[in-house]
Amino acid sequence: MAMTMATGINWVGLLMIWLTATTRKVEGRFVVEKNSITVLQPYNMNEGNKHDASIANFGVPYYGGSMVGSVVYPDKGTDACKPFDGDKPFKSTFRPTILLVDRGECYFALKAWNAQQAGAAAVLVADSIDEPLITMDSPQESNDGDGFIEKLEIPSVLIEKSFGDTLKSALKKGNEVAIKLDWSESMPNPDGRVEYEFWTNSNDECGARCDEQMSFLKDFKGHAQILEKGGYTIFTPHYITWYCPKIFLGSSQCKSQCINQGRYCAPDPEQDFGEGYEGKDVVFENLRQLCVHKVAKEENRSWVWWDYVTDFHIRCSMKQKKYTKSCAESVLKSLNLPLDKIKNCVGDPEADGENEVLKNEQEKQVGQGSRGDVTILPTVVINDVQYRGKLERTGVLKALCAAFKETTDPPICLTGGIETDECLENNGGCWQDRHANVTACKDTFRGRVCECPLANGVQYEGDGYASCTAVGPARCTINNGGCWSESRNGRTFSACSVLDLNFLVASARKAFVEMAIPVKMLMNVRKVQHASAPAAAAKTHGADIIASAEGIGCTYRIKTHA
């Protein structure tokens, strides 16, 4: 198996595959995804041969495209582990600079960052030893990775030592070396429909990688739903679990991290078996999310999975201590997903038997055919090829578009504009007041958000999903603020007010005096909350007007004497 880390082994991925392979008796392999390099100059180096390069799992590869540039090998700092001197010394106005640097001494991603800061358009990392190509990955948990990983925009590739030595030799002789980096065939594009997978996790407490995948889910949701609703793509989510060998079933690790008697396990979110959430909580939610997709697909609306996972992350975050079954079910209800069918799909996590949904996941994470093992989370797999590069909306969309057969590209691949209109279906699962024609659902180019609105000059507050309440001075214009109102002699009177008590009493006196009705205010007026209408009663010659306050709303009724 190839290394996937810059300075070490992806231990979690290896553990998952090792346990799966040793307990399920299957064999897998890690596939290094590649693009090609052709030397254009000097001509004596160009014999029509293409050289393989492995695509880094950071930066933005040009899927479906290519780049022609001049190779530059720095005079000093050839490992690119420190910032280069000068103001963008490798920025070129003639032909893009493709910076050649040496492997070693620091993270691969840091080399790419220093090259980008120096004006390079792409990076070639020359291997330091003769070995098969590996996949360059970014650091998962490191202060060195904080702050620049998400800002990497240039593509990076690893080349074999022998090819790197050849390029350096030509440059040393004073030759101009021009190459073509080509990603046009990095994605198979057999037909007009693309099948792709997203290997993910419901855990949101695993650091930078969890933050990355949650941002991607929210940003890419609109694209994903448009493509699926239009029949252009078939999408399937997947979740990695591992199997606990029987000899360890009694251990605290397996008991804490596994369901179904050790058959399906995930790491403890806090890496502390005595604190917070447990690995089995993650497995159970992963299973629920798989069942959401399965049930929604049966109802011909499989794209609702994107709504569920993004809403669950917002409403049921571990960081807010809301990662619970009850919170998940409230999200299911808001999206009109059948709770009974999903519960039936999930089954009994305590049962001493296989769960067919999770069993299928364990079998699929081991590579089959042209697709290799999935060992890096999160991972997008497109037409059985694993996407490499920064997990972000534009990069993944370009990779998907590159996987369509030419002339079959969907409109989204040919335009920069996008409108998802998610609020048209079930109001996007958000709060709404049909009577006042007010909704918390807002369409965005990413999809939709549920946020209490500012409508007709009235501000609403709440979670945007289950409730929004009118607040502020103008709230009485919406449904009369939920208070009593009455029309008499062509005039409408309301109990809703945000004014102070003395002003309200004075206004009430004036209103009733103008109607020629004697008014005697009761003496036992009690004060209530600032935003509430005051509780008061006024006895007239014709009616008792009775008011009561509840929270920030109010209820009023009118009784007529016999």
Go through Asp307 and Lys221 one step at a time and tell me if the salt bridge (charged side-chain N to carboxylate O under 4.0 Å, His left out) criterion holds. CA-CA 8 Å; Asp307 291 318; Lys221 183 179 71 168; 3.3 Å; yes
Are a donor atom and an acceptor atom from the side chains of Glu228 and Ser302 found within less than 3.5 Å of each other? yes
Is it the case that more than 12 heavy atoms not belonging to Asp191 sit under 6.0 Å from its CG atom? yes
Sequence neighbours excluded, every pair satisfying side chain to side chain donor-acceptor pair (under 3.5 Å) that has a member inside residues 289-299: Tyr239-Gln289, Glu285-Gln289, Lys294-Glu298, Glu299-Arg301
Sort out for me which residue in Leu358, Asn203, Asn201 forms a side chain to side chain contact (heavy atoms under 4.5 Å, CB included) with Asn286. Asn201
Pairs meeting criterion ring pair (Phe, Tyr, Trp, His ring centres under 6.0 Å) with involvement of residues 320-342, two or more places apart: Tyr277-Tyr323, Phe312-Tyr323
Are Trp431 and Tyr460, when compared by the centres of their aromatic rings, separated by less than 6.0 Å? yes
Would Trp303 and Phe235 count as a close aromatic pair, with their ring centres under 6.0 Å? no
Test ring-ring contact (aromatic ring centres under 6.0 Å, His included) applied to Tyr62 and Trp183, step by step: CA-CA 6 Å; Tyr62 288 7; Trp183 295 267; 5.4 Å; yes
Using the side chain to side chain contact (heavy atoms under 4.5 Å, CB included) rule, take Asp204 and His313 through it: C-alpha gap first, then chi angles, then the decisive distance, then the call. CA-CA 8 Å; Asp204 61 7; His313 174 62; 3.7 Å; yes
Give the intermediate values and the outcome of side chain to side chain contact (heavy atoms under 4.5 Å, CB included) for residues Thr233 and Glu195. CA-CA 6 Å; Thr233 60; Glu195 298 184 18; over 6 Å; no
Would you say the SG of Cys430 sits under 2.5 Å from the SG of Cys441? no
I'd like to know whether Gln459 forms a side chain to side chain contact (heavy atoms under 4.5 Å, CB included) with Arg475, so could you lay out the CA-CA distance, the side-chain angles of the two residues, the decisive distance to 0.1 Å, and finally the verdict. CA-CA 8 Å; Gln459 180 63 59; Arg475 74 174 187 271; over 6 Å; no
Does a side-chain N-to-carboxylate-O contact under 4.0 Å join Lys390 and Glu153? yes
Between Tyr63 and Tyr387, does the ring-ring contact (aromatic ring centres under 6.0 Å, His included) criterion hold? Intermediate values first, please. CA-CA 9 Å; Tyr63 281 108; Tyr387 167 85; 5.5 Å; yes
Do the numbers put Arg315 on top of the ring of Tyr465, so that NZ or CZ is under 6.0 Å from the six-membered ring centre and no more than 45° off the axis? yes
Can you list everything that forms a salt bridge (charged side-chain N to carboxylate O under 4.0 Å, His left out) with Glu461? Sequence neighbours excluded, please. none
Verdict with reasoning, Glu451 to Lys442, per salt bridge (charged side-chain N to carboxylate O under 4.0 Å, His left out): CA-CA 7 Å; Glu451 293 181 352; Lys442 298 178 183 178; 3.5 Å; yes
Indicate the ring-plane relationship of Phe220 and Tyr196, choosing parallel, tilted or perpendicular according to the 30° and 60° boundaries. perpendicular
Would you confirm whether the ring centroid of Phe216 sits within less than 6.0 angstrom of the ring centroid of Phe198? yes
Between Asp311 and Lys322, is the salt bridge (charged side-chain N to carboxylate O under 4.0 Å, His left out) condition met? List the steps. CA-CA 12 Å; Asp311 286 359; Lys322 295 182 179 179; over 6 Å; no
